[in-house]
S.K.: 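Provided herewith is a single structure, encoded as structure tokens, for subsequent inquiry.
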Amino acid sequence: MTHKRIGFCCKWLDFPRQMDGFKPKDEALKLNNRTTTVAWLNRQERAVAEQRLWDIMEHNTNATLELVKRVGTLDPRQRMVRLSSDMFPVYTEPTYSYYYQLPDVKEAIAKKCAAIGETARMLDIRVSFHPGQFCVLASDNETIVANSIREFEYHTDLARWMGYGNSFHDHGFKINVHISGRKGPDGIRAIWNQLSTEARNLVTIENEENSYGLDDTLSLADIIPTVFDCHHHWVKTGEYIEPTDDKIKRVIDSWRGVRPTMHYSVSSESILVGHDNSVRPAMTTLLESGHKKQKLRAHSDFMWNTAVNQYVAEFWENFDIQVESKAKNLASTKLFQELTNA
DNA sequence: GAGGGTCAAGTCCGT
DNA sequence: ACGGACTTGACCCTC
């Protein structure tokens, strides 16, 4: 995992209209996950619920494998993808977690996940996970912490089945979370020993827009690498931090020789209607003209601002760039073409 | 097919 | 207090 990459997150789109959801006949459904809800499962007979979980498990593992194969057809510098967290719905939900412990089910998913990991390594694809907003390891509520550890270990189970986690961020793999909880960095340290070895090998922490910024994530650099999110940093501080800044050097160091990943998103084009796309959005100016910080957080469809693209390009030498945008691979491919003049 | 209601879970900001 | 944003909107049901 040494050369530079630009990747995307969680879903494969064939057309921009699919940003608003897929239609029943869309081919891309074969590359994307299905899901279900606890409420729906609860309304069914147990056999029906179990059958649905089995069907979704088969669909999602197949879809993830197909997604990885598809990413493998891209330029080597585009072979990076974040995998969706909802591979196995309700895995950590107390009523249904038993299902995934059934021997037949466990054996099937272990085999399916192994194939996904082997294929990703064979095709030289950098993969990762990003647990959602409910994974709050540093919460001040011990029940939430316990649930969050379970949620994190679910992602670790997936990674382990896929063949990752035996050493520090092997193959560049990461399971990235926010600090989120009110206990902050100390809360992360407090639960460190409750995480499995593989979890400790794979966790990364991302700077946030509101509570915990780069200084906070870097305070954990002795145990956890920082995923630098330039949009979060901009929303929090208004700064386009320089790639040569000492903090960025410390981010790189926190990865201990593994090539770092950064996140790239930009304010939604629907919020900044009419904004000059060759000029970087300026926080002070935007706030003075009545924009709200919270609205500026929202992600764009595409990486529409060439000036910010050029700014991010300066990081590419040292960072793989994970694009977070509504248009998914369509946006990351367009950015890739822009930065490589392809 | 379109449209509206529903969905396991945390935290913050703005009103 | 509550909706919306983040995260990753999708699915069920009715018409």
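Letters A, B, ... mirror the listed sequences (proteins, then strands); counts begin at 1.
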S.K.: Within residues 10-34 of chain A, find the residues that approach DNA chain C with a heavy atom at under 4.0 Å, and present them sorted by residue number.
M.R.: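 Output list: A/Cys10, A/Lys11, A/Gly21, A/Arg34.
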S.K.: When both hydrogen-bonding distances must be under 3.5 Å and the geometry is Watson-Crick or G-U wobble, what is C/dC12 paired with, if anything?
M.R.: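 Pair assignment: C/dC12 / B/dG4.
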S.K.: Determine, step by step, whether A/Glu118 and A/Arg121 satisfy the salt bridge (Lys or Arg N to Asp or Glu O under 4.0 Å) criterion, reporting the C-alpha distance in whole Å, the side-chain angles of both residues, the deciding distance to 0.1 Å, and the verdict.
M.R.: CA-CA 5 Å; A/Glu118 284 161 17; A/Arg121 289 186 289 276; 5.3 Å; no
S.K.: Quick check for you: among B/dA9, B/dT11, C/dA10, whose closest atom lies nearest to any side-chain atom of A/Ile144?
M.R.: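 Closest nucleotide among those given: B/dT11.
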S.K.: Quick one: does any side-chain atom of A/Glu269 pair with a main-chain N or O of A/Asp301 as donor and acceptor, under 3.5 Å?
M.R.: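 Checking the backbone N and O of A/Asp301 against the side chain of A/Glu269, a donor-acceptor pair under 3.5 Å is found.
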S.K.: Measure up the A/Tyr91 and A/Trp161 rings against each other and bin them: parallel (under 30°), tilted (30 to 60°), perpendicular (over 60°).
M.R.: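 It falls in the perpendicular class, over 60°.
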S.K.: Output yes when at least one side-chain N/O atom of A/His299 is less than 4.0 Å from OP1 or OP2 of C/dT7, else no.
M.R.: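 Checking C/dT7 against A/His299, a side-chain N or O does come within under 4.0 Å of OP1 or OP2.
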S.K.: What is the nucleic acid contact for A/Arg150, judged by heavy atoms within less than 4.0 Å: base, sugar-phosphate only, or nothing?
M.R.: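 Here A/Arg150 touches no strand at all.
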S.K.: For A/Glu151, which contact category applies under a 4.0 Å heavy-atom criterion: base, sugar-phosphate, or nothing?
M.R.: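 It contacts base atoms.
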S.K.: Starting from P on C/dG9, measure out to CD1 on A/Ile56 and report it in whole angstrom.
M.R.: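 It works out to 18 Å between those atoms.
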S.K.: Could you tell me how far apart A/Lys292 (NZ) and C/dC6 (C1') are, to the nearest whole angstrom?
M.R.: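 Result: 19 Å.
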S.K.: Assign A/Ser211 to base, sugar-phosphate, or nothing according to its heavy-atom contacts below 4.0 angstrom with the strands shown.
M.R.: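 Contact class for A/Ser211: sugar-phosphate only.
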S.K.: Do the non-hydrogen side-chain atoms of A/Trp12 and A/Lys328 ever get within less than 4.5 Å of each other?
M.R.: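 SC-SC contact between A/Trp12 and A/Lys328 ruled out.
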S.K.: Nearest whole angstrom, please: distance from the C1' of B/dG5 to the CZ of A/Arg43.
M.R.: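 Interatomic distance, CZ of A/Arg43 to C1' of B/dG5: 11 Å.
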S.K.: What about A/Ser84, does its side chain sit under 3.5 Å from the base of C/dT8 through a donor-acceptor pair?
M.R.: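 In this structure, the two groups form no donor-acceptor pair.
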S.K.: With a 6.0 Å cut-off on ring centres, are A/Phe315 and A/Phe228 close enough?
M.R.: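 Yes: the rings meet the under 6.0 Å criterion.
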S.K.: Can you check the distance between C/dG9 and C/dA5, where both ends of the measurement are the C1' atom (answer in whole Å)?
M.R.: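 Here C/dG9 and C/dA5 have their C1' atoms 14 Å from each other.
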S.K.: In whole Å, what separates the P atom of B/dA2 from that of C/dT7?
M.R.: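 Their P atoms lie roughly 27 Å apart.
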S.K.: What does C/dT7 pair with, Watson-Crick or G-U, if both distances are under 3.5 Å?
M.R.: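 Pair assignment: C/dT7 / none.
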S.K.: Counting only Watson-Crick pairs (N1-N3 plus N6-O4 or O6-N4) and G-U wobbles (N1-O2, O6-N3), all under 3.5 Å, who is the partner of C/dC2?
M.R.: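 B/dG14 - that is the nucleotide pairing with C/dC2, both distances being under 3.5 Å.
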S.K.: For C/dT8 and C/dC12, measure between their P atoms and round to the nearest Å.
M.R.: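 Comparing P positions in C/dT8 and C/dC12 gives a spacing of 22 Å.
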S.K.: Is the shortest side-chain N/O distance from A/Ser139 to OP1 or OP2 of B/dT11 below 4.0 Å?
M.R.: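 Looking at the OP1 and OP2 atoms of B/dT11, one of them is under 4.0 Å from a side-chain N or O of A/Ser139.
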S.K.: So, does the side chain of A/Ser148 form a donor-acceptor pair with the base of B/dA9 at under 3.5 Å?
M.R.: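 No.
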S.K.: Quote, to the nearest angstrom, the P distance that separates C/dC11 from B/dG10.
M.R.: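 My reading of the P atoms in C/dC11 and B/dG10 gives 23 Å.
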S.K.: Out of B/dA8, C/dG4, C/dC6, which nucleotide sits closest to the side chain of A/Thr92?
M.R.: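 Nearest nucleotide to the side chain: B/dA8.
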S.K.: What is the separation between atom CD1 on A/Ile179 and atom P on B/dT11, rounded to the nearest whole Å?
M.R.: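 Result: 14 Å.
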S.K.: Do the side-chain N or O atoms of A/Arg182 get closer than 4.0 angstrom to the phosphate oxygens (OP1, OP2) of B/dC12?
M.R.: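 Checking A/Arg182 against B/dC12: at least one side-chain N or O falls below 4.0 Å of OP1 or OP2.
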S.K.: Ignoring the backbone of A/Val38, work out which of C/dA5, C/dA10, B/dA8 is nearest its side chain.
M.R.: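 So the nucleotide nearest the side chain must be B/dA8.
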S.K.: State whether the aromatic ring of A/Phe134 stacks on the base of B/dG10, taking stacking to mean ring centres under 5.5 Å apart and ring planes under 30° to each other.
M.R.: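 Check failed, A/Phe134 does not stack on base of B/dG10.
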S.K.: Any base atoms under 4.0 Å from A/Asn147, or only sugar-phosphate, or nothing? Heavy atoms, all strands.
M.R.: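 Nothing, no nucleic acid heavy atom in range.
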S.K.: A/Gln44 or A/His178: which one's nearest nucleotide on DNA chain C is closer to the 5' end?
M.R.: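 Its nearest nucleotide being more 5', the pick is A/His178.
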S.K.: So do A/Gln133 and A/His178 actually touch side chain to side chain, heavy atoms under 4.5 Å?
M.R.: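 No, their side chains stay 4.5 Å or more apart.
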S.K.: Whole-Å distance between C/dC6 P and A/Glu209 CD?
M.R.: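 Checked: the CD to P distance equals 9 Å.
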S.K.: Tell me whether A/Lys295 at atom NZ has more than 12 heavy atoms from other residues, nucleotides or ligands lying less than 6.0 Å away.
M.R.: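 It does not: A/Lys295 NZ has 12 such atoms or fewer within range.
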S.K.: Checking side-chain polar atoms at under 3.5 Å, does A/Asn147 have a donor or acceptor matched by the opposite partner on A/Glu151?
M.R.: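 A/Asn147 vs A/Glu151: no donor-acceptor pair found between side chains.
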S.K.: Nearest to the A/Lys295 side chain among B/dC7, C/dA5, B/dG14, which nucleotide is it?
M.R.: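 Looking only at side-chain atoms, A/Lys295 lies closest to C/dA5.
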S.K.: Nearest to the side chain of A/Trp40 - B/dG10, C/dC13, B/dA9?
M.R.: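 Nearest to the side chain of A/Trp40 among the choices is C/dC13.
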S.K.: Send over the distance from A/Asp301 CG to C/dG9 P, rounded to a whole Å.
M.R.: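 Rounded to whole Å, this separation is 11 Å.
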S.K.: Between the side chains of A/Asn42 and A/Tyr96, does any donor sit under 3.5 Å from an acceptor?
M.R.: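 A pair is found: one side chain offers a donor N or O, the other an acceptor, under 3.5 Å apart.
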S.K.: Checking A/Asp229 side chain against A/Glu206 main chain: does a donor-acceptor pair fall under 3.5 Å?
M.R.: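 Answer holds: no.
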S.K.: When you get a sec, tell me which of B/dT11, B/dC7, B/dA9 is the closest nucleotide to the side chain of A/Val136?
M.R.: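 Minimum distance to the A/Val136 side chain belongs to B/dT11.
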S.K.: Please report the distance, rounded to the nearest Å, between NE2 in A/His155 and C1' in C/dT7.
M.R.: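 Between C1' of C/dT7 and NE2 of A/His155: 10 Å.
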S.K.: Rounding to a whole Å, what distance do you find between A/Lys293:NZ and B/dT11:C1'?
M.R.: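 Atom-to-atom, A/Lys293 to B/dT11, this comes out as 17 Å.
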S.K.: Write down the distance separating the C1' atoms in C/dC6 and B/dG3, rounded off to the nearest Å.
M.R.: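 Comparing C1' positions in C/dC6 and B/dG3 gives a spacing of 26 Å.
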